[in-house]
Amino acid sequence: MRISLTRDGITYGEQFVPFAEMGGRQPEPHVFLNPGTGLFEITVFRRNGTDLIIGNLPLHTADQLREAIIEALRERYT
C-alpha cells in the first residue's frame with residue numbers, strides 16, 4: 001500500500017488521518033514487531049475513531065515514518 005505524509009495528515013491506502021486527529025495530548029506513534037510476519041507496524045493514535053495501523057514495514061522504514069510524523073506534529077503544534 002502507498003503511504004503519503006501530506007501537509008494535512010497521513011494517507012495509507014484509502015484511509016486518511018488528519019493531523020488534527022493525532023495532535024494535542026495524543027501519544028506519539030509507536031513501532032511494534034509483528035511476530036507473525038517478522039516485520040514491523042506503526043500505530044498512529046487518533047482522538048476519534050479507530051487507530052491507524054500501518055503494517056508490514058521493515059524496521060528502518062517504520063522508524064523513519066514515525067520520526068516524520070512526530071516532526072510534522074511538532075511543526076504543526078509549536
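Nothing fancy with the numbering, it's 1 onward along the sequence.
Legend: residues meeting ring pair (Phe, Tyr, Trp, His ring centres under 6.0 Å) with Phe16, ordered by chain and number and at least two apart, are absent.
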Verdict with supporting geometry, Thr43 and Leu52, side chain to side chain contact (heavy atoms under 4.5 Å, CB included): CA-CA 6 Å; Thr43 302; Leu52 175 64; over 6 Å; no
Just do the side chain to side chain contact (heavy atoms under 4.5 Å, CB included) check on Glu71 and Arg74 with the steps written out, would you? CA-CA 5 Å; Glu71 183 63 29; Arg74 188 174 296 133; 3.1 Å; yes
Can you check side chain to side chain contact (heavy atoms under 4.5 Å, CB included) on Val44 and Met22, steps first, answer last? CA-CA 7 Å; Val44 178; Met22 294 185 245; 3.2 Å; yes
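Note that CD of Gln64 is 12.0 Å distant from CD1 of Ile69, once rounded to the nearest 0.5 Å. Between the NE2 atom of His60 and the CG atom of Leu65 there is a distance of 11.5 Å, given to the nearest 0.5 Å. Expressed to the nearest 0.5 Å, how far CD of Gln15 lies from CD1 of Ile53 amounts to 9.5 Å.
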Show me, pair by pair, the donor-acceptor contacts under 3.5 angstrom made by side chains of residues 2-12, not counting sequence neighbours?
residue : atom : partner : partner atom : Å
Thr6    : OG1  : Asp8    : N            : 3.2
Thr6    : OG1  : Gly9    : N            : 3.1
Thr6    : OG1  : Gly9    : O            : 3.0

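Contact detail for Ile42 and Ala62: the closest heavy-atom pair is CD1-O, 3.9 Å. Among all heavy-atom pairs drawn from Phe19 and Ala72, the shortest one is CZ-CB, 3.5 Å. Among all heavy-atom pairs drawn from Leu33 and Leu39, the shortest one is CD1-O, 3.4 Å.
His30 is listed as a side-chain neighbour of Phe45, based on a closest heavy-atom distance under 4.5 Å.
No donor-acceptor pair closer than 3.5 Å links the side chain of Arg46 to the backbone N or O of Glu21. Side-chain atoms of Arg66 never come within 3.5 Å of backbone atoms of Thr61 as a donor-acceptor pair (strictly under, hydrogens ignored).
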